[in-house]
Each structure stands twice: as structure tokens, then as C-alpha cells.
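Scope of the values below: all heavy atoms of this structure, side chains included, with no hydrogens, waters or symmetry mates.
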Amino acid sequence: MSKGNTTKITDELYAYMLAHNPPLDAVQQELVETTYTRLPDQAGMQSAEEQAPLLAFLVRLVGARHIVEVGTFTGFSALAMAQALPADGTLIACDVSQEWTAYGQEAWAKAGVAERIELRIAPALDTLRAMPREPHIDFAYLDADKANYIAYWEELVPRMRAGGLIATDNVLYHGMVLDPEAEGAPAAIQAFNDHVAKDARMDSVMLTVADGLTLSRKR
């Protein structure tokens, strides 16, 4: 069996990959630059550049009309997903920061997709628990506080329709998932990864995209 980690992602190879993916549009690029300029200490929370076209691709692939995002920050990923929705599609964006999401709201309006996005400023668990229990979500993107990943998962999975997809970010947590003495967020991600791997309701695969991305399909 050949090992799959023989290709090391150098800066040059990473640039090559980006050059062969759909480029960010003007509004997406401006939002990325604004985030790094206005919020330099928090900008690392923004989804990686290659995740925008990937998320849009997945939204179209599953024919999503109803999306839930847990953790919106400045709205880059929500923008990409909303642009991939049909005109009557909806995206519920869950976050607790009015300050950070205000940048996203401005970008969503510029891109003409603001009407597709419903921003809910509240603890995400409260927002998720207030949703109908029956399966109705086509696609979900999980990228919020890591300590609550399992709790978010347990609220999302019953609400996913058959064939619906959950994309979970940061499942490698900068490589710290390998630390047997991990605490805090890395330990929470370790527990989440084990939880997902054992969940018979979902088919899941972990990918080495950005900081690790797990894709989980509802059976």
C-alpha cells in the first residue's frame, strides 16, 4: 500500500493549487483583505482561501436549498455558500459577534446575496435547538468554538435530510490532535473526531484540506 503523504505542500505547490481552483471574486477578495487589515489578531479564524470554492462546489453538488452555518466570523464562508445557492435558497448564519459579522453583512449586500442569509446573533446551541426537529437541512458548515463541536453535531445530525452533508473545519487543529496530553480545544477536537468516526448515522471522511476538513453524509 502506497503512502498518501509523499507530496509535501510547499508554498509553491500551494500557489499552484490556488491557481487551478476557481479564483475568488472581487467581493470575496475584498472581504479577505478587510478581515486581515481590520482584525489582524483574529484573521486566522477565517476559512482558508481554497475552502470558498470547495464549499460552493459542495453546495451545488448536493443541490442545497437550506444551509446552516455554525460560526460565521466575518462572513467569508457564508458568502461563498450563499452565492452557490439558488435564488430562493436560505442560509442561517449562527454567531455571537455583531462586530465581526457586520463585515460579512456588508459583503453579502455587495454580492447581492444578503436576502439569502439570515444572521442570528445568539449562542448557536440556542439557535439550533429552536429549529424544527424534522430533517430539513441540506448542508451544514461547522466552524465555531471547538468545545461545543459535539453538542452542535448532536443538534445538526437529526435535522439533516437523507443525503445531506456536514462539513466540519479544523479537525486536525494545527496537528495538535496528535498530542496525547492535549487540553482545551485540541482535546475537544480529539473527542469530536472519535465521536464522528463512531456515528452510525453518518458516512464520514477526513481530508487534509487546510487545517483538516471532515465531510459527513447523512445515511
Side-chain angles (χ1 to χ4, degrees), residues 17-18 21-22 24 28 32 44-86 89-95 104 113 116-118 124-125 127-128 131 135-174 177 185 188-199 201-219:
M17 177 272 295
L18 291 180
N21 267 342
L24 301 186
Q28 292 173 344
V32 170
M45 294 168 57
Q46 185 170 253
S47 295
E49 180 176 337
E50 65 269 28
Q51 287 176 288
L54 174 60
L55 289 171
F57 180 88
L58 293 172
V59 168
R60 296 187 181 102
L61 184 67
V62 301
R65 304 181 73 85
H66 188 184
I67 299 173
V68 174
E69 177 179 65
V70 182
T72 296
F73 188 41
T74 58
F76 176 59
S77 51
L79 172 60
M81 291 187 289
Q83 289 173 310
L85 278 171
T90 59
L91 187 157
I92 295 176
C94 306
D95 208 280
V113 296
R116 302 178 193 175
I117 303 174
E118 180 182 342
L125 282 174
T127 298
L128 294 175
M131 293 180 182
H136 65 284
I137 301 171
D138 302 309
F139 188 84
Y141 183 44
L142 178 52
D143 187 23
D145 57 307
K146 313 313 174 189
N148 279 314
Y149 260 26
I150 292 177
Y152 296 141
W153 175 267
E154 287 302 321
E155 295 301 327
L156 285 169
V157 169
R159 294 172 169 85
M160 302 301 299
R161 54 98 165 158
L165 194 66
I166 301 177
T168 306
D169 200 17
N170 303 117
V171 295
L172 297 179
Y173 209 80
H174 316 295
V177 290
I189 291 295
Q190 289 174 339
F192 173 78
N193 290 339
D194 291 342
H195 186 80
V196 171
K198 297 174 184 176
D199 195 330
R201 299 168 295 179
M202 308 289 284
D203 295 314
S204 297
V205 292
M206 183 184 289
L207 306 173
T208 55
V209 173
D211 189 30
L213 186 74
T214 292
L215 302 181
S216 306
R217 179 182 181 274
K218 182 73 173 289
R219 291 180 175 176

Decide yes or no for [X] and [Y]: does some side-chain heavy atom of the first lie under 4.5 Å from some side-chain heavy atom of the second?
| X | Y | answer |
| --- | --- | --- |
| Met131 | Val68 | yes |
| Leu18 | Glu49 | yes |
| Leu172 | Met206 | yes |
| Val196 | Thr168 | no |
| Ile137 | Ile67 | no |
| Pro158 | Arg201 | yes |
| Ile92 | His66 | yes |

Among all residues two or more places apart in sequence or in another chain, which pass the salt bridge (charged side-chain N to carboxylate O under 4.0 Å, His left out) test with [X]?
| X | value |
| --- | --- |
| Asp169 | none |
| Arg60 | none |
| Lys218 | none |
| Glu50 | none |

With rounding to the nearest 0.5 angstrom, report the [atom1] to [atom2] distance, [X] to [Y].
| X | Y | atom1 | atom2 | value |
| --- | --- | --- | --- | --- |
| Glu154 | Leu128 | CD | CG | 12.0 Å |
| Leu61 | Leu165 | CG | CG | 8.0 Å |
| Met81 | Leu54 | CE | CG | 11.0 Å |
| Lys146 | Gln190 | NZ | CD | 14.5 Å |
| Leu213 | Asn170 | CG | CG | 9.0 Å |

Quiz item: Phe192: what forms a ring-ring contact (aromatic ring centres under 6.0 Å, His included) with it, not counting sequence neighbours?
Solution: Tyr149, Trp153

Heavy atoms only: give me the nearest [X]-[Y] pair and the separation to one decimal.
| X | Y | result |
| --- | --- | --- |
| Thr214 | Ser204 | CG2-CB, 4.2 Å |
| Gly71 | Asp95 | C-OD2, 3.8 Å |
| Leu55 | Ser77 | CD1-CB, 3.8 Å |
| Gly163 | Val62 | O-CG1, 4.4 Å |
| Ala147 | Ala188 | CA-CB, 3.9 Å |

Could you work out, with side chain to side chain donor-acceptor pair (under 3.5 Å) as the rule, every residue matching [X], not counting sequence neighbours?
| X | value |
| --- | --- |
| Arg159 | Glu155 |
| Arg217 | none |
| Tyr173 | none |
| Asp194 | none |

Suppose we screen for side chain to side chain contact (heavy atoms under 4.5 Å, CB included). Which residues come up paired with [X], at least two apart in sequence or across chains?
| X | result |
| --- | --- |
| Ala191 | Ile150 |
| Gln28 | Leu24, Asp25, Phe76, Leu79, Ala80, Gln83 |
| Pro86 | Arg65, Asp88 |

Exercise. Spell out, as yes or no, whether a donor-acceptor pair under 3.5 Å connects the side chain of Asp211 to the backbone of His174.
Key: yes

Quiz item: For Val171 and Val177, what are the C-alpha separation, side-chain angles and deciding distance, and is it a side-chain contact (heavy atoms from CB on, under 4.5 Å)?
Solution: CA-CA 8 Å; Val171 295; Val177 290; over 6 Å; no

Quiz item: Knowing that exactly one of Val209, Leu58, Ile166 qualifies, which makes a side chain to side chain contact (heavy atoms under 4.5 Å, CB included) with Leu215?
Solution: Leu58

Quiz prompt | Member of Glu69, Glu118, Arg116 meeting the side chain to side chain contact (heavy atoms under 4.5 Å, CB included) criterion with Leu91 | solution = Glu69

Quiz item: So, Ser47 versus Tyr141: side-chain donor-acceptor pair below 3.5 Å or not?
Solution: yes

